[in-house]
Amino acid sequence: MDRILISRARLPAYIGVSEEERAQSQELVFDITLTCDLREAGQDDDLSKTICYAAVVQQIKTILTQPFHLIEAVAETVAAEVLAGFPVDSITVRVAKPGAFSDKFIEYAAVEITRKRDG
């Protein structure tokens, strides 16, 4: 299956377990893999036959206007809404939270999920 990759999209989010943590925007980093058949788009050089990755990123930005407690919930919401809004067979969402640790030896905490159109 063909894949569209969106790598290291750095987007602001109101996220955290405590209300204080959610009070200020924090950066989340997204890696998204969309699987779909890209043959027609490649043969016809036609944007209407592919997934507009800018539209996917815009949808994620819209999702992030609501506050979340967990990056797990962010990943699930992104996966569900992209599957509902775009003709993809599956999506893998990796959400990293660079500010999760104050320890300088840990770059980030992350979750990665894969969801398919049929469950």
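FYI, side chains are in, hydrogens and waters are out, and symmetry mates aren't considered; it's all heavy atoms of this structure.
Under 4.0 Å is where a charged nitrogen must lie from a carboxylate oxygen, and between D118 and K116 no such pair does.
You'll find the side chain of L64 reaches within 4.5 Å of the side chain of V74, heavy atoms only. Taking the side chain as every heavy atom from C-beta outward, R117 and V88 approach each other to under 4.5 Å. Between I60 and I32, some side-chain heavy-atom pair lies under the 4.5 Å cut-off. For the pair Y108/V29, no side-chain contact is recorded, criterion being any heavy-atom separation below 4.5 Å from C-beta on. A heavy-atom distance below 4.5 Å is not found between the side chains of H69 and I15. Proximity of I91 to V93: side-chain heavy atoms (C-beta onward) are separated by under 4.5 Å at one or more points.
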Step-by-step side chain to side chain contact (heavy atoms under 4.5 Å, CB included) determination, R39 to K49: CA-CA 9 Å; R39 193 173 337 203; K49 295 180 179 178; over 6 Å; no

Stepwise side chain to side chain contact (heavy atoms under 4.5 Å, CB included) test for D31 and I6: CA-CA 6 Å; D31 291 302; I6 300 170; over 6 Å; no

From CA spacing to verdict: side chain to side chain contact (heavy atoms under 4.5 Å, CB included), Y53, L34: CA-CA 9 Å; Y53 44 82; L34 308 171; 5.9 Å; no

Evaluation steps, side chain to side chain contact (heavy atoms under 4.5 Å, CB included), between T65 and Y14: CA-CA 7 Å; T65 60; Y14 293 93; over 6 Å; no

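Minimum interatomic distance between P12 and S25 (heavy atoms only, all atoms of both residues): CB-OG, 3.1 Å. Considering all non-hydrogen atoms of both residues, L83 and R115 come closest at CD1-CB, 3.8 Å. Here the closest heavy-atom approach between residue R22 and residue G16 is recorded as NH1-O, 2.9 Å. Of all non-hydrogen atoms in D37 and D89, the two that sit nearest each other are N-OD2, 4.4 Å.
The CZ atom of R3 sits 9.0 Å away from atom OG1 of T35, with the distance rounded to the nearest 0.5 Å. To the nearest 0.5 angstrom, I51 atom CD1 is 11.0 Å from D2 atom CG. The distance from the CZ atom of R94 to the CG atom of L28 is 13.0 Å, given to the nearest 0.5 Å. Note that OG1 of T33 is 5.0 Å distant from CG of L5, once rounded to the nearest 0.5 Å. In this structure, C52 SG and F86 CZ are separated by 7.5 Å, a value rounded to the nearest 0.5 Å. One finds the CG atom of L11 at 13.5 Å from the CD atom of Q26 (value rounded to the nearest 0.5 Å).
Remark: side-chain polar atoms of D46 are paired, donor with acceptor, to backbone N or O of S48 under 3.5 angstrom.
Grouping the Ile, Leu, Val, Met, Phe, Trp and Tyr side chains by contacts below 4.5 angstrom, directly or via other members, places V78 with I113.
Remark: the T114 side chain and the T92 side chain contain an N/O donor-acceptor pair separated by less than 3.5 Å.
Under the salt bridge (charged side-chain N to carboxylate O under 4.0 Å, His left out) criterion, E21 pairs with K97, sequence neighbours left out. Taking R10 as the reference, E27 meet the salt bridge (charged side-chain N to carboxylate O under 4.0 Å, His left out) condition, with sequence neighbours excluded.
Taking a 6.0 Å sphere around CD of Q43, one finds it holds more than 12 heavy atoms contributed by other residues, nucleotides or ligands.
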